[in-house]
Amino acid sequence: MIKNDLFLRALKGETVERPPVWMMRQAGRYLPDFMKLKEKYDFFTRCRTPELATEITVMPIEQVGTDAAILFSDILVVPQAMQIEVEMKPGVGPWLPNPIRSAKDVENVVVPNVQEELGYVMDAIKMTKSALNNEVPLIGFAGSPWTIMCYAVQGQGSKNFDKAKQFCFQEPEAAHALLQKITDTTIAYLKEKVKAGVDAVQVFDSWGGMLSPVDYQEFSWQYIQQIIDALKEQVPVIAFGKGCWFALDKMSKSGASALGVDWTCSPQNARKLSGGNITLQGNFDPSRLFSSPREIKTMVNEMINAFGKDKYVANLGHGILPNIPVENAQAFVDAVKEWQPQ
Ligand code: CP3
């Protein structure tokens with residue numbers, strides 16, 4: 001049904017002519033057309049207006065030719081739907097004026113009807129699917145419960161999310177109650193996304209690497225596992241944990257279709273730690289897109305040869321940076337498409 005199904009085949013572990021390629025956070029950011037829209041509409045207006053979300057989602061497909069689209073939205077629409085106020089302050093990033101700091105605060109957090117609160121996301125998915133015209137698959141996503149909790153408790157971005165960790169270690173019961181509420185909401189949300197038409201889902205655990213291996217299992221992984229269990233029969237699930245190489249063994253036995261890897265873990269180590277059978281996705285250092293297109297091409301070839309062409313999705317190791325020249329992003333995508341077996 002989908003004309004370019006390289007990405008879906010790689011997620012199934014099938015043999016492919018070349019690895020598929022997309023870039024985390026590819027929708028917008030570094031694209032001049034996105035900057036123009038950004039001047040006119042604030043962030044959550046862009047997320048809440050299906051026409052705008054659709055336009056931004058298809059931009060990288062038309063302009064740099066990635067093999068999959070990722071819906072323009074944000075992981076923080078989930079806490080918003082749970083009645084936690086979230087603003088996006090230009091130049092600052094996420095800003096939550098009333099962070100969760102006590103068991104009482106957790107009690108007041110709502111597990112919403114996602115159809116009602118996040119219907120605009122489903123409308124954006126339907127509109128995007130129709131605009132994509134089955135050319136490439138559409139990825140839906142959510143933040144991991146731990147990563148969402150980081151923002152909900154800290155109240156803003158942070159280098160170490162110390163307040164979120166403090167909450168976990170001082171009030172573990174309340175922390176787990178909050179994580180479970182976020183998990184229940186996320187499962188309902190992703191199931192709706194699947195119904196609306198996404199072809200795969202990715203869980204972003206951007207701040208999983210803040211936790212020790214033992215704490216990671218307790219405060220992050222067990223909740224991601226619940227999400228995978230609930231979704232895996234319906235759609236391929238990709239689990240991306242930034243800085244979570246230590247958990248790759250456990251993750252590889254979870255039922256996820258693929259695991260995201262960042263650039264601090266070599267392809268060889270990632271294959272070894274994940275047992276060699278599961279599809280891996282990554283792991284080009286996003287800052288390496290500042291290198292020249294020629295160097296990018298060389299490094300992309302080395303990366304593909306190290307991961308191997310099969311059971312592999314070429315990607316960055318984290319989101320693309322806003323100030324990357326478009327021609328360098330293009331060089332990255334082209335290099336994957338032009339890769340030849342040795
Ligand atoms: O490819 C895409 O861009 C798809 C949509 C997407 C956005 N955010 C749009 C966005 C996705 C997949 C995300 C995920 C997201 N959001 C994560 C997980 C991935 C990661 O990068 O770690 C996180 C932690 C967030 C929270 C968030 N949203 C932050 C920290 C910020 C501000 C800083 C930044 O990275 O720009 C945002 C804002 C945001 N989300 C922007 C975009 C395009 C930039 C703000 C704007 O355009 O006005």
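Just so it is clear, the model here is predicted, and its values are computed rather than measured. Whatever order the structure lists them in is the order used to number ligands and atoms, beginning at 1. By convention here, the first residue in the shown sequence is residue 1.
A cation-pi arrangement, defined by a distance under 6.0 Å to the six-membered ring centre and an angle within 45 degrees of its axis, is present between Lys193 and Phe141. Both the sub-6.0 Å distance and the 45° axial angle are satisfied by Arg48 relative to the ring of Tyr120.
Here the heavy atom of the protein found nearest to atom 26 (C) of ligand 1 is Asp74 OD2, 3.7 Å. For atom 30 (C) of ligand 1, the nearest protein heavy atom (residue, atom name, distance) is Tyr151 OH, 3.4 Å. The shortest contact between atom 31 (C) of ligand 1 and any protein heavy atom is with Pro94 CD, 3.8 Å. Nearest to atom 43 (C) of ligand 1 among the protein's heavy atoms is Phe72 CE1, 3.6 Å.
Salt-bridge annotation for Arg101 and Asp105: absent, with no side-chain N of the basic residue lying under 4.0 Å from a carboxylate O of the acidic one. Between Lys36 and Asp33 there is a salt bridge, since at least one side-chain N of the basic residue sits less than 4.0 Å from a carboxylate O of the acidic one. Using a 4.0 Å cut-off between charged nitrogen and carboxylate oxygen, Lys297 and Glu338 count as a salt-bridge pair. Taking a cutoff of 4.0 Å between a charged side-chain nitrogen and a carboxylate oxygen, Asp199 and Lys129 qualify as a salt bridge.
Those atoms of ligand 1 that come under 4.0 Å of a heavy atom in Phe34, given as number and element, are 43 (C), 47 (O). Interface of Gln26 with ligand 1, defined as ligand atoms under 4.0 Å from a residue heavy atom, comprises 1 (O), 2 (C). Every atom of ligand 1 with a heavy atom of Met88 under 4.0 Å away is listed here by number and element: 28 (N), 37 (C), 38 (C). Near Leu71, with a cut-off below 4.0 Å to any heavy atom, the atoms of ligand 1 are 4 (C), 5 (C). For ligand 1, the atoms closer than 4.0 angstrom to any heavy atom of Ile70 are 1 (O), 12 (C). Set against the non-hydrogen atoms of Ser206, the atoms of ligand 1 under 4.0 Å away are 18 (C), 19 (C), 20 (C), 22 (O), 24 (C). Of all atoms in ligand 1, numbered sequentially from 1 with element shown, those under 4.0 Å from a heavy atom of Phe204 are 12 (C), 18 (C), 19 (C).
Residue contacts with ligand 1, taken as heavy atom pairs separated by less than 4.0 Å, involve Ser73 solely via the backbone atoms N, CA, C and O. When non-hydrogen atoms are compared, ligand 1 lies under 4.0 Å from neither the backbone nor the side chain of Asp42. Under 4.0 angstrom from ligand 1, the non-hydrogen atoms of Arg29 all belong to its side chain.
Within the 4.5 Å cutoff, the side chain of Gln26 has no heavy atoms near those of the Val21 side chain.
Checked against a 3.5 angstrom limit, the closest N/O atoms of Arg25 and ligand 1 fall inside it.
Ranked by closest heavy atom to atom 15 (C) of ligand 1, the top entry among Thr66, Ile75, Val77, Val92 is Ile75. Of the candidates Trp22, Phe43, Phe44, Phe141, the one placing a heavy atom closest to atom 12 (C) of ligand 1 is Phe141. When the options Arg46, Met59, Met23, His318 are ranked by their closest heavy atom to atom 46 (C) of ligand 1, first place goes to Arg46.
With 3.5 Å as the limit, one finds no donor-acceptor pair spanning the side chains of Thr183 and Thr186.
Going from atom CD of Glu62 over to atom CG of Leu132 covers 8.5 Å, rounded to the nearest 0.5 Å.
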(request) Begin with the C-alpha distance, continue with both residues' side-chain angles, and end with the deciding distance and a verdict on side chain to side chain donor-acceptor pair (under 3.5 Å) for Tyr151 and Trp207. (result) CA-CA 10 Å; Tyr151 288 101; Trp207 308 126; 3.1 Å; yes
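Note: Tyr312 and Phe307 have parallel aromatic rings, judged against thresholds of 30 and 60 degrees for the angle between ring planes.
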